[in-house]
Asks: 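Below are the structure tokens for one structure; questions will follow.
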Amino acid sequence: TVRSVLRTLLVPEEVLCGHRGRFIAHWRRRTHVVRVVYEYEADLVVVLTVYNPLAKRYFCGGGRYEDQILA
């Protein structure tokens, strides 16, 4: 939902570096994780994709922040 994407971007459990200067924000939901891949164009956040895979495959444990939209 739009709400879970916004929550993932604004209050993520962890944010990892992706390829080509992109970031991946994570928020766990039971056995899955909401993954939001985003980048910056000037000062704007541009969401590239959102998907919901199994958490055990991608979630690193939380507390790691390579980027934060809200400082």
Asks: According to a 4.5 Å side-chain heavy-atom criterion applied to Ile, Leu, Val, Met, Phe, Trp and Tyr, with indirect links allowed, do W27 and V36 form part of one hydrophobic cluster?
Replies: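 Yes; V36 is reachable from W27 via cluster members.
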
Asks: Would you say E41's side chain and V46's backbone share a donor-acceptor pair under 3.5 angstrom?
Replies: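 Looks like no, no N/O pair under 3.5 Å.
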
Asks: Taking all non-hydrogen atoms of both residues into account, name the closest pair between L54 and V33 and its distance.
Replies: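 Minimum heavy-atom contact is O-CG1, 4.3 Å.
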
Asks: Given the rule that I, L, V, M, F, W and Y join up when any side-chain heavy atoms are under 4.5 Å apart, are V50 and L6 in one cluster?
Replies: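 Result: no, two separate clusters.
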
Asks: Heavy-atom distance under 4.5 Å between the side chains of Y40 and I69, does that happen here?
Replies: yes

Asks: Let me check something: do V15 and V45 share a hydrophobic cluster, defined by ILVMFWY side-chain heavy atoms less than 4.5 Å apart, either directly or through other members?
Replies: yes

Asks: Mind listing the closest non-hydrogen atom pair of G18 and I24 along with its distance?
Replies: CA-CD1, 4.2 Å

Asks: Would you confirm whether Y65, through its side chain, and P12, through its main-chain N or O, come within 3.5 Å as a donor-acceptor pair?
Replies: yes

Asks: Which pair of non-hydrogen atoms, one from R35 and one from P53, has the smallest distance, and what is that distance?
Replies: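 In this case the closest contact between R35 and P53 is CD-CG, 3.7 Å.
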
Asks: Do V34 and V47 land in one hydrophobic cluster if side-chain heavy atoms of ILVMFWY residues count as linked below 4.5 Å?
Replies: yes

Asks: Using modelled atom types only, decide if a donor and an acceptor are shared between the side chain of R7 and the backbone of V11 within a distance under 3.5 Å.
Replies: yes

Asks: For the side chain of Y38 and the backbone of T49, is there at least one donor-acceptor N/O pair under 3.5 Å apart?
Replies: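 Answer holds: no.
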
Asks: Would you tell me whether H26 and E14 have side-chain atoms, one donor and one acceptor, within less than 3.5 Å of each other?
Replies: yes

Asks: Could you tell me the separation between the CG atom of N52 and the CZ atom of R29, rounded to the nearest 0.5 Å?
Replies: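 These two atoms lie 7.5 Å from each other.
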
